[in-house]
Protein chains: 2
Amino acid sequence: MLNPVSRVRRFNRAVTSAVGALDTSFLGRGRPLGAARVLNAIGHGRSDVAEIRDYLGLDSGLMSRLLRSLEDEGLVETTAQADDARRRVAKLTRAGRREFAAYEALSNAQAEGFLAQHSQADALLAAMDLIASALTRERVTLDEMDPQSEEARHCLREYYAELGRRFKQGFDVSLSRDPDAKDMRRPRGTFIVAMSDTLPIGCVGLKGTDHGYAEIKRLWVAPAARGLRLGRRLMDATEAAARELGITLLRLDTNSALPEAGQLYRTTGWSEIPRFNDDPYPDLFFEKRL
Amino acid sequence: MLNPVSRVRRFNRAVTSAVGALDTSFLGRGRPLGAARVLNAIGHGRSDVAEIRDYLGLDSGLMSRLLRSLEDEGLVETTAQADDARRRVAKLTRAGRREFAAYEALSNAQAEGFLAQHSQADALLAAMDLIASALTRERVTLDEMDPQSEEARHCLREYYAELGRRFKQGFDVSLSRDPDAKDMRRPRGTFIVAMSDTLPIGCVGLKGTDHGYAEIKRLWVAPAARGLRLGRRLMDATEAAARELGITLLRLDTNSALPEAGQLYRTTGWSEIPRFNDDPYPDLFFEKRL
DNA sequence: CGAGATATCTGACTAAAGTCAGATATATGC
DNA sequence: GCATATATCTGACTTTAGTCAGATATCTCG
């Protein structure tokens, strides 16, 4: 029972038998699961019928009937899409919004109840993040976002906190050459956030300069998402963006206290070069010609 | 999205949509889920029909039909129970054992496949253990076991390893007064292992002595199971066993590098006493009168 | 404009799971 | 021995989910 395979299977059993209890929010309101799922998909902002069908993996006939039953209940209204009358868009009515709110409340209460049972909620949440990221790894999207968006700022806070923990001397952003947000917006550069579901789990910035090269900054992957090769995906996406922007030379700096980063650069075509700036934190410098 | 409730809900979503993929082992052999579940329950050693029905939460009519379909396939045989001919016991036939083995192989392959996708399997497994323990906390059983059983030895190994990490000077069992296994067997004492499903996640020993008291030794809770108040349950069970054995005075020693242990003793009726042995590791001594 | 593609809907069907009311056989307690 | 309880089985039924083949309306492109 102590080998890895048995441990995974134990987890599967625990989760399978608890999933009913973990997410009973779809139940308990006297509606079959299928209809409840459609209602919740609409509530969560999906309105295009084809999109919902695709998201829930439903047959078009079944989808049509479920939608009809929600209309009969007075919870949903469908109209033809303005620019393509074959497509339909679904919207919650006032009663539908009430019903959706009730599902949300159930779901929240249930998650709170689960957390309340456990005195070490932090460790439990970290474990849940890790597993959720692992399970949804193929659904992680890399989105270009503003470096001052909520998601980007979250990543940067976490990134600085981690540097503080990992550098012997700590880390103080104000001492470092913090890139200006405007250098990480198109067309000078960009900022990419890796999103798992709605949780930001990694980021990287491409910072334009006036020195004939662009810099890669702030590459970070959440602890809960390590081991999914996300660093590599982020770097690939940044390089692609740099090519699009006509950039031909990339540079970056890093620190030997972050060995996994150095390792990543060395195995993906970067070459070590001499120090090219006077930032006090980095002690390793790389460049890559595109 | 970054608050605890949202994180739990993200986990729920991830797991709910992955559960199909997490445990598809019940599928893919051309048998409906219900029948496959019954076959597997029997394969895992449940033979009493009423017990299976209860375990799987099935209606008696449905159970009867599922069992009949497995019999028709030649996978299962049922006979009347020897001492009560109303009850039936189910057993796998040779073909049934083959089929069960195929399910097991599928399940193992699938768990292996999942692990193979992740480079940080250790962290993932630790997270899975933690969550599985949290989800099944109310199903943790405390079983009296031989101190030399596989389960007990696993707990002790983990316990020693943890002391090694937490004591500044490390920990060497041979320097400590390691209790003799025979002092932790009835009627002199006992040894209790906390089992979650089939994984040992905690232990405690009650060691009989000839000095008018018994000692509590080796209280340990797996990191994956902390925060579930398991330490307290283990202590309660040990005290109950001590009372049964006619023991009226308990003593124990511990170390101030394990603050959560000292805290537990202080809040559960133990009083600090002067050193009562010459073991080099402990620096705190407690006693409790039953 | 017309052919073919696309999005949705409708009707007819199946499989699986589950419910419920007895029927049957056996056990238990007086 | 008999009334009552228990374990299982059988038949009749419902609900839910899902499949599939067309019907209908609309769009797109030459």
In whole angstroms, how far is the [atom2] atom of [N] from the [atom1] atom of [X]?
{"X": "B:R31", "N": "C:dA15", "atom1": "CZ", "atom2": "C1'", "value": "16 Å"}
{"X": "B:Q81", "N": "D:dT8", "atom1": "CD", "atom2": "P", "value": "8 Å"}
{"X": "B:I52", "N": "D:dT8", "atom1": "CD1", "atom2": "C1'", "value": "13 Å"}
{"X": "A:R87", "N": "C:dT8", "atom1": "CZ", "atom2": "P", "value": "6 Å"}
{"X": "B:R53", "N": "D:dT8", "atom1": "CZ", "atom2": "C1'", "value": "7 Å"}
{"X": "B:L62", "N": "D:dG11", "atom1": "CG", "atom2": "C1'", "value": "14 Å"}
{"X": "A:D54", "N": "C:dT6", "atom1": "CG", "atom2": "C1'", "value": "15 Å"}
{"X": "B:L58", "N": "C:dC20", "atom1": "CG", "atom2": "P", "value": "15 Å"}

Looking only at side chains, do [X] and [Y] share a donor and an acceptor under 3.5 Å apart?
{"X": "B:R185", "Y": "B:T190", "answer": "no"}
{"X": "B:S133", "Y": "B:S196", "answer": "no"}
{"X": "B:R53", "Y": "B:S64", "answer": "no"}

(message) If you assign B:T78 and A:D84 each to the DNA chain D nucleotide with the nearest heavy atom, which residue ends up on the more 5' nucleotide?
(response)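 Between the two, 5'-proximity favours B:T78.
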inquiry  = I want to confirm an ordering. Mapping A:A35 and A:S60 to their closest nucleotides on DNA chain D, which one lands closer to the 5' end?
reply    =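 The residue closer to the strand's 5' end, by nearest nucleotide, is A:A35.
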Ignoring hydrogens, what is the shortest heavy-atom contact between B:A194 and B:L234? Give both atom names and the distance.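 The answer is CB-CD2, 4.2 Å.
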Next item on the list: Please confirm whether any donor atom in the side chain of A:R86 sits under 3.5 Å from an acceptor in the base of C:dT6, or the reverse.
Entry: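 Side chain to base: pair present.
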Check this one for me: any side-chain N or O of B:R68 less than 4.0 Å away from OP1 or OP2 of D:dC9?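 Result: yes.
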Next on the checklist: Can you see if the side chain of B:R65 gets near the phosphate of C:dA16 - specifically, an N or O under 4.0 Å from OP1 or OP2?
Outcome noted: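 For C:dA16, neither OP1 nor OP2 has a side-chain N or O of B:R65 closer than 4.0 Å.
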Answer yes or no: is there a side-chain heavy-atom contact under 4.5 Å between A:L92 and A:R98?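 Side chain of A:L92 against side chain of A:R98, heavy atoms only: no contact under 4.5 Å found.
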For A:L33, which contact category applies under a 4.0 Å heavy-atom criterion: base, sugar-phosphate, or nothing?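 Touches sugar-phosphate only.
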Over all strands shown, is A:D59 touching base, sugar-phosphate only, or nothing at heavy-atom distances under 4.0 angstrom?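 Contact class for A:D59: base.
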- Query: To the side chain of A:A85, which of D:dC27, C:dT26, D:dC9 is closest?
  - Reply: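 The listed nucleotide nearest to A:A85's side chain is D:dC27.
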